[in-house]
Every structure is written in structure tokens, then in C-alpha cells.
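These numbers were taken from a predicted model, which means no experiment stands behind them. Note that the numbering runs from 1 along the sequence shown for the chain. For ligands, and for the atoms within them, numbers begin at 1 and follow the listed sequence.
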Amino acid sequence: MKIISEPQELKAYLKEQNKTIGYVPTMGALHEGHIELIKNARKENELVVVSIFVNPTQFLKGEDLDKYPRRDEADKKICELAGVDVIFFPTKENIYFEDEVKIEAPEVRGYVLEGATRPGHFSGVLRIVMKLLNIVNPTRAYFGKKDAQQLNLIQLMVRHYYMDVEIVPINTVREADGLARSSRNIYLTSEQRKEALKISASLYAASKMISKKEFDVQTIKEEMLKILEPLEIGYVEIVNREFKPINDVEVGNTIILVEAVAGTTRLLDNIWL
Ligand code: PAF
């Protein structure tokens, strides 16, 4: 497994290989969710590249940038075992420029839901993902459905900027008790973790209501809010796959999203119906 930190060096190396590339961008602290992305990349491509970079531009002031888990050595081992060919470890200094040309998240989709509680977050995500995709130039790039809004915005960026990459969405990986895997789960005390299970429980309840033909969004949201109590709720939203609000669930074209805070940890989860 090769480890490269210079963008130009990686670009030149990958070009020379002349192979199909499966790419998994990450911020490290790798868990089962990332491994699932890597496995899919491994199956479908000749070469697998993983990047590890805690991207400062997607954190707002006062967020957890400084305490975001960093586990480079463990991450390298995980990548090696998962059959990764190249890890890209850029630095803030070698990937960002002063007074840079910037890409911005669109007004409507980028500033609702998670973008409303974290204004500017998605502009930072798009900015780094655009760079990473241009450096790696992958055949396919793998993103988790857990970050549904991020995935949607990246798909839009790829379409709007005529980028030549297939974005492959991958299902959320859960712990045995239903909690969606996230690098931030390690912040949770056992008490907060128990509370956090209300998030997946509310989504399961919504899915059960829908299977019993309850399609009214308001009714489903009210039930979910009851289950989520007393968690601090960022949002409970039911939208179509274009991220537009809907009144009735349409199976095959709906995402139910929750953002809630357990202790001080903001957790996201969703189901796609
Ligand atoms: O989902 C993440 O881990 C990050 O937002 C990403 C896509 C690696 C960009 O920093």
C-alpha cells in the first residue's frame, strides 16, 4: 500500500497506473461504514484510493474540528487489511491556496436541514470534494447514504460541473442495536448512547407506519417526535429524493431524516423509502 501526501505526486502516480479507480474520501477514524465503502470500491475497480483529511473548511467556528478523532496509524492498518492500494493524506497547507476560487453550495438545498443548523458547512464539503475528485480523477467515488444531503449536493455538483465520475451511494451500516455507524459515536457515554438509539427507533417506527399505509407526513413526524423525546432535535424531515418537502410519502422517492443531539454530540440518521 502506497501513502502519498502531495496532490501532484498522487495525480502523476495514478495517471501512470492507467487503471479504473475506486475512490473513498474520508476524514479518518475509519469504522465499518467506511469499510463497506472500501469493499464496494474494491469489488468494482482495479485500484482503490482512500483519502484521509479532516477538512477544516467544513467545520463552523466552535464545532469539533480540534477534537475530531484522529487515528492515522489505526486507519492505515484498516486500509491495508481492506485491500486499499493508495492512501492520500493531504495537509491543509498542500491542498488549499490563499485567496482561492471557491465553489458554493446552492442557496436552497445547501442551507436547509443540516445546512440550516450549520450554514456554510456544505460549501466547505463541496470545495474539498471538488479538489479531491480532480486530484484522484476516479472512475467511481463512494459515499454513504447516511450523509444523504451531502450525497445529494455532491451528485448535483458532479452534474452541474460536467465532472466525469460515477458517484456510488452506499447503504448505512448500523451497530447491532441499530445505531448508525459514525466517527462521532465515540463521543457518546453509555447513557447518551442509549438515548441516541431513539433516533434509529424513530426511523423504524416511521417505516412501520408506512408499511401499514400511513403516508401522511405530518402524522409520521408527530409520532417520530414523540419517540425522540427528550433528545434535542435539530430536525425531523421527510423529503423526496430531490430534497423537496412533501405532504405524502411516495415509496421509492422519499427520504426521512433526523438530526438530534445526544449529550453534546450531533447525530444524523435517515432511511430511504
Ligand atoms: O463525509 C465525510 O467524511 C466528509 O464530508 C468528506 C466527504 C470526506 C469531505 O471532507
J.: Determine whether the aromatic ring centres of Tyr68 and Phe59 lie less than 6.0 Å apart.
T.: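 Aromatic pair counts; centres sit under 6.0 Å.
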J.: With the threshold set at 4.0 Å, does a side-chain nitrogen-carboxylate oxygen contact exist between Glu63 and Arg266?
T.: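 Here Glu63 does not pair with Arg266 in a salt bridge, since their nearest N and O are not under 4.0 Å apart.
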J.: Report yes if some N/O of Gln58 lies less than 3.5 Å from some N/O of ligand 1; otherwise report no.
T.: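 Yes - when backbone and side-chain N and O of Gln58 are compared with those of ligand 1, one distance drops under 3.5 Å.
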J.: Heavy-atom distances under 4.0 Å decide this one: backbone, side chain, both or neither, for Leu132 against ligand 1?
T.: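 Answer for Leu132: neither.
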J.: Check ligand 1 against Ile128 and write out every atom of the ligand that is under 4.0 Å from a heavy-atom position of the residue.
T.: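 Taking each heavy atom of Ile128 in turn, ligand 1 has 9 (C), 10 (O) under 4.0 Å.
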J.: Would you mind checking if Lys77 and Glu80 are paired as a salt bridge, meaning a charged N to carboxylate O distance below 4.0 Å?
T.: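 Lys77 and Glu80: not salt-bridged.
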J.: Any carboxylate oxygen within less than 4.0 angstrom of a Lys/Arg side-chain nitrogen, looking at Asp177 and Arg193?
T.: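 A salt bridge is present here (some side-chain N lies under 4.0 Å from a carboxylate O).
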J.: Can you report which non-hydrogen protein atom sits closest to atom 3 (O) of ligand 1, along with the distance?
T.: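 Sorting protein heavy atoms by distance from atom 3 (O) of ligand 1 puts Met27 CG, 3.7 Å first.
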J.: With the threshold set at 4.0 Å, does a side-chain nitrogen-carboxylate oxygen contact exist between Glu32 and Arg181?
T.: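 No salt bridge links Glu32 with Arg181.
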J.: If you measure every N/O of Gln150 against every N/O of ligand 1, is any gap under 3.5 Å?
T.: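 In this structure, Gln150 places an N or O atom under 3.5 Å from an N or O of ligand 1.
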